[in-house]
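Side chains included, hydrogens not; waters and symmetry mates left out as well; all remaining heavy atoms used.
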Amino acid sequence: MSEAITERTLTEQLRDLSSGEYSSRDLTEAYLQRIEYSSGINAFITVSAEQAIKAADRADERRAAGETAPLLGAPIAHKDIFCEKGVRTSAGSKMLDNFISPYDATVVSKLRDAGAVSIGKTNMDEFAMGSSNEASFYGPVKNPWNTERVPGGSSGGSAAAVAASLCSAATGTDTGGSIRQPAAFCGITGLKPTYGRISRWGMIAYASSLDQAGPMARCAEDCALLLTHMAGPDQRDSTSSSEAIEDYSIALKSGISGMKIGICREFMEGLDSDVAAILDNCRTVLSDLGAEFREVSLPNSHLAIPAYYVIAPAECSANLSRYDGVRFGYRCEGPENLEDLYKRSRSESFGREVKNRIMVGAFALSAGYYDAYYRKAQQIRRLIKQDFEQVLGEVDMILGPTTPGPAFRLGEKVDDAKSMYLQDIYTISANLAGLPALSMPAGFTEAMPIGAQLIGNYFCEAKILKAAHQYQQVTDWHKKKPVVEKAS
Amino acid sequence: MSSDWEVVIGLEIHVQLSTRSKIFSGSSTAFGAAPNTQASAVDLGLPGVLPAVNEAVFPKAVAFGLAIGATIGQRSCFDRKNYFYPDLPKGYQITQMDEPIVLGGSVDISLRDGSSKTIRVTRAHLEEDAGKSLHEDFHGMTGIDLNRAGTPLLEIVSEPDMRSAEEAVAYARTIHQLVTYLSVSDGNMAEGSLRCDANVSLRKQGEQEYGTRTETKNVNSFRFLEQAIRHEISRQKEILESGGRVAQETRLYDPVRDETRPMRSKETATDYRYFPEPDLLPVIIDEAFINRVREAMPELPTEKKQRYTEKWQLPEADAALISSDLGLATYFEACVASCDDPILSANWVRGELLGSLNRDDLAIEDSPLSAEALGQTILRIKDGTISGKIAKTVFTALWEGKAASADEYIEAEGLVQVSDTGELEPIIDKIIADNPKQVEQYRNGKTKLLGFFVGQVMKETGGKANPQQVNELVRGKLG
Amino acid sequence: MTNEIAVTEEVVSNVAELAQLRVAEEDLEILTAGMNNILELANQMQSIDTSGVTPVSNPLDATQRLRTDEVTETDQHELYQSIAPETEGGLYLVPRVVE
């Protein structure tokens, strides 16, 4: 093999494993070494080395015994928002620094059942609130393409780990762009499926009506494979959909000739010229593959950020009330009384951004403001959803930017919250509408990767994965890899 | 003085729904388990857990709604009610705010003076119970048991239609009767299956505006409810009559001291910030579902009472007493089915049976004497095999388990009533011969002495003689 | 409704009470500014007429699935309490609560 085994795609590795090119143990150890080597990236909060090697050995034994499983022996990293039994699950917060999960998230158990090896838990913005990964109790993640830049967030650890070849693939979650934005910043492919496509059981909640898990990998083909084994209804999650799942890998194979793709006027207005040029290239490639383009309009898209910054904080203000220092997690030293226990445990262990959002949410739900904020935002959400329903009645998907520009510098936006919030301007509306959306590498600017986003109709993950896969058959942006220096 | 004030009472009754598992998790709802052994990841509010709704709560809530003539919400939605308290693991309670399952309806209550009154129900909604705080001393700390957290409740909110503690208790009893009848709840108040919050306020007679109310929380017996309300009325009256103002607050009733006192915690945050629970979706309750529930509903107490008085000619009091308890009514009806005599059945159920149950402190379900066995005993009275008096002996024997059936015992003990004239006549003749003095007095007009002769015959026959027949024979012979 | 809803430090203190967060005097200003940053974005909605628009509470507008009434959970209190800050006799302990 000309390239390192760690740099091959998940699909290729599984082929190699089954043909005996190398073992799961070889692959796992290679990744563990790279994780060690690249520790300066700070992609992981917890590396489960021992557990991973045992699981790899078991996978090798199973394979030797003639058993097969779709992901048998593939080392996968989980965003540290997914509960994994017996493993610390911190959600990037001091609050859960001591939380050893007593149970498994459905995503974790499904991937394990499919044969995957869990190699560790990736770094993230605290409770998934952030767009740069600088809001982690465990310190910021560095972008493998340029360690002075952010990897994006909140699934920045997962994106950096995939980009730096520290695992075969990773899981992420996306509430306002938290899979797609870091995928774009790190030059990988990330999919946020339809809301309800993947169970949220065991996935630590930020904003329940927006949160959705998804795969983050080198290419659309890997994402399709992972999605097949992550998706499906779950009795434990009432919001998970019973809509039939497909074998997304099979769905990739056919061409995209005749596929109708919309270019959203509102997304292109005022777009950075480099990003616009990259998107234009992307459009040309897809056109050459037979796709038909037309301009579409999402007139309420400018309201997505305002609505999001009410809905998400409101839901998070309630979701984070369970962190009270009573049953698990951080408890302050020597509480004087109950109120002191609550207030100090929470205040000493939540970071600034989490507190901001809890406060905004509590305010938006408080007496006299509910209608003006929360109800209003959910109405705006209806308008945004209706815009999409109309457009997706005419086209199969929408092509647009994932982010306004390339990864910004660490610290650049830490004190400029508003500018940070605008990072998600192109991604948030898919969360509000609950639509599937994918980011794929489409070019470079300032020597940093840029992502193109495809937004599809409800439960049409197969279509956007197919478009991305066909694109990746004729381009090599997704094959570019950063050179990571050894941690000092 | 007291007539200056009008008392206004509304009740919020929390009824624990009798399900096997909790409303949002698969944990057991069984009472009395060791602390936290029935608190699952969901009940503890661990990070990442989600609620999953128990289907069994819906037919129960709908049955209650139908029984009180309410509107059933076709779209039943859950909301989060936010507040911090150690027995509330998630920091919010999942309840129903805007779209409850039961809207409106009313119940009729009967009062001691024989009058009745209609009390309107505002709404009834589904929600999860909280856990329990144990204030015994754990080195100056409070212990939290979350076994009860997530137990399904139906909170029934009344309009402020009650005007006295008596009415409030009658209303609470009626609700209790209804929910136990419908198997909505086991109604076990000692285990907290039915708890009342009483909103009490006073206003000057004739005034339109309500006075400031207090809410007395978590009263778990009818006696305490009556005491708590009476106490609260006199406390408020005292305040108002001395020119003071009642503070709007939440109070706790202390049955030991028979007083209410303000709660010091929990209510500091009164802004509950309700919003739709995003982890749950609307539950659609369609006509077909409502009809299925309606068809499966048992006859309600008021309907039973009416049937007893109209069809079976039971006295009003008997009908009311028997229909008030589903177990008793079921027993009674089974008894009637086996002896076909509602009046005699009612007499025996009300008399011997209830008396024995009370004496032995047994529930009707635990009666050692089955309804069929009682029915058979009654049949033997009706067909003249035994007298009413002997029947009591039979009842006692069966109660004590001395025989499996009335017939077996009657046979074994030779209790068959003597109705054979040939057998009775010599006995009567002998008694007449032995008591010449009484015979003379009788014949001189002291006919009351008939009872003396009959009594003697009964004594001689060990109670087995048919009293009616003896009567006739004695009267004939004494001429 | 105007676009001008902004919170004052007093409102922030009250909300902190609801959210059970302790805000030190010196942090109040930062937190107020932080909240106003978000609210400034949120206030952009206020000029939009949404009368008659049904709010979305679930993006799929789906309806609830129900669970059979069965006990499926077993006693795992030892496991759950192994990660608890303070327990005794199977109970979670908190500073004394006076009702």
Legend entry - Interatomic distance, A:Phe363 atom CZ to B:Asp271 atom CG [nearest 0.5 angstrom]: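 The CZ atom of A:Phe363 sits 11.0 Å away from the CG atom of B:Asp271.
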Inset, instruction - Could you pull out the closest heavy-atom pair between B:Pro276 and A:Tyr374, with the gap in Å? - result: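 Smallest interatomic distance, heavy atoms only, reads CD-CE2, 3.9 Å.
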Legend entry - Within 6.0 Å of NZ in A:Lys94, more than 12 heavy atoms from elsewhere: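 Correct, the count exceeds 12.
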Inset, instruction - Specify the closest pair of heavy atoms between A:Ser321 and B:Gly91, including all atoms of both residues, with the distance to one decimal. - result: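 A:Ser321 and B:Gly91 have their closest heavy atoms at CB-CA, 3.7 Å.
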Legend entry - Approximate separation, where rounding is to 0.5 Å, of A:Ser208 OG and B:Asp279 CG: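 It comes to 4.0 Å.
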Legend entry - Interchain contact, B:Leu46 with chain A, by part (heavy-atom threshold 4.5 Å):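 Looking at B:Leu46, backbone and side chain both touch chain A.
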Legend entry - Flag side-chain contact, heavy atom, 4.5 Å: B:Phe275 against A:Gln378: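 Side-chain contact under 4.5 Å: no.
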Inset, instruction - Answer yes or no: are there more than 12 heavy-atom neighbours, outside B:Arg213 itself, under 6.0 Å from its atom CZ? - result: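 For B:Arg213, atom CZ is not crowded (no more than 12 foreign heavy atoms under 6.0 Å).
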Inset, instruction - Specify which of B:Ala52, B:Pro86, B:Gly140, B:Ser25 makes the most heavy-atom pairs with chain A at under 4.5 Å. - result: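 Most pairs with chain A among the choices: B:Pro86.
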Legend entry - Which atoms of B:Tyr274 approach chain A - backbone, side chain, both or neither, heavy atom under 4.5 Å: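 Only the backbone of B:Tyr274 comes within 4.5 Å of chain A.
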Inset, instruction - Would you mind checking which part of A:Ile81 comes under 4.5 Å of any heavy atom in chain B, side chain (CB onward), backbone (N, CA, C, O), both or neither? - result: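 Neither part, no heavy atoms under 4.5 Å.
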Legend entry - chain A contact via B:Leu44 - side chain, backbone, both or neither, heavy atoms under 4.5 Å: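 Backbone plus side chain of B:Leu44, per the 4.5 Å heavy-atom cut-off to chain A.
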Inset, instruction - Find the one option among A:Leu341, A:Leu96, A:Asp324, A:Asn319 whose heavy-atom pairs under 4.5 Å with chain B are most numerous. - result: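 Ranked by heavy-atom pairs under 4.5 Å with chain B, first place is A:Asn319.
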Legend entry - Enclosure of A:Tyr103 OH (heavy-atom neighbours >12, cutoff 6.0 Å):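 It does: A:Tyr103 OH has more than 12 such atoms within range.
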Inset, instruction - Identify which part of A:Ala105 has an atom lying under 4.5 Å from any heavy atom of chain B, answering side chain, backbone, both or neither. - result: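 For A:Ala105, there is no contact with chain B at all, as no heavy atom is under 4.5 Å.
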Legend entry - For B:Arg80 against A:Glu315, the heavy-atom pair lying closest together: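 Residues B:Arg80 and A:Glu315, closest heavy atoms: NH1-O, 4.0 Å.
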Legend entry - Interchain contact, A:Tyr323 with chain B, by part (heavy-atom threshold 4.5 Å):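 The answer is the side chain of A:Tyr323.
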Inset, instruction - Answer whether the closest heavy-atom distance between the side chains of B:Tyr85 and A:Val326 falls below 4.5 Å. - result: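 Not in contact.
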Legend entry - Between OG on residue A:Ser366 and CG on residue B:Asn82, distance to nearest 0.5 Å: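 Spacing of OG (A:Ser366) from CG (B:Asn82) equals 11.0 Å.
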Legend entry - Which atom of B:Leu280 lies closest to which atom of A:Ser238, heavy atoms considered: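 In this case the closest contact between B:Leu280 and A:Ser238 is CD2-OG, 3.6 Å.
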Legend entry - Heavy-atom closest contact (B:Gly45 atom, A:Arg327 atom, distance):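 What the structure gives for the nearest pair is O-NH2, 4.4 Å.
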Inset, instruction - Please state whether the side chain, the backbone, both or neither of A:Arg375 comes within less than 4.5 Å of a heavy atom of chain B. - result: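 It is neither, since no heavy atom gets under 4.5 Å.
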Legend entry - Heavy-atom proximity to chain B below 4.5 Å, by part of A:Ala362: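 The answer is both parts of A:Ala362.
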Legend entry - Minimum-distance pair of heavy atoms, taken over all atoms of A:Cys83 and B:Pro47: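 Closest approach of A:Cys83 to B:Pro47: SG-O, 3.6 Å.
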Inset, instruction - Count the heavy-atom pairs under 4.5 Å between each of A:Arg236, A:Arg200, A:Gln235 and chain B, then report the option with the highest count. - result: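 Heavy-atom pair counts peak at A:Arg200.
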Legend entry - Contact winner vs chain B - A:Ala318, A:Ala364, A:Ser209, heavy-atom pairs under 4.5 Å: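 Greatest number of close heavy-atom pairs with chain B: A:Ala318.
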Inset, instruction - Nearest 0.5 Å please: distance from the CG atom of B:Leu50 over to the OG atom of A:Ser199. - result: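 Spacing of CG (B:Leu50) from OG (A:Ser199) equals 6.5 Å.
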Inset, instruction - Please look at A:Glu339 and chain B and tell me whether the side chain, the backbone, both or neither of the residue comes under 4.5 angstrom of a heavy atom of that chain. - result: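 Contact with chain B involves no heavy atom of A:Glu339 at all.
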Inset, instruction - Could you have a look at B:Ala41, B:Gly26, B:Pro89, B:Pro51 and say which one has the most heavy-atom pairs with chain A under 4.5 angstrom? - result: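 Greatest number of close heavy-atom pairs with chain A: B:Pro89.
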Legend entry - Modelled atom types, side-chain donor and acceptor of A:Arg322 and B:Tyr92, under 3.5 Å: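 Side chains of A:Arg322 and B:Tyr92: pair found under 3.5 Å.
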Legend entry - Straight-line distance of B:Met141 CE to A:Leu338 CG, nearest 0.5 Å: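 So the CE of B:Met141 and the CG of A:Leu338 are separated by 9.5 Å.
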Legend entry - A:Phe99 portion near chain B, given a 4.5 angstrom heavy-atom threshold: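 Contact with chain B: side chain only.
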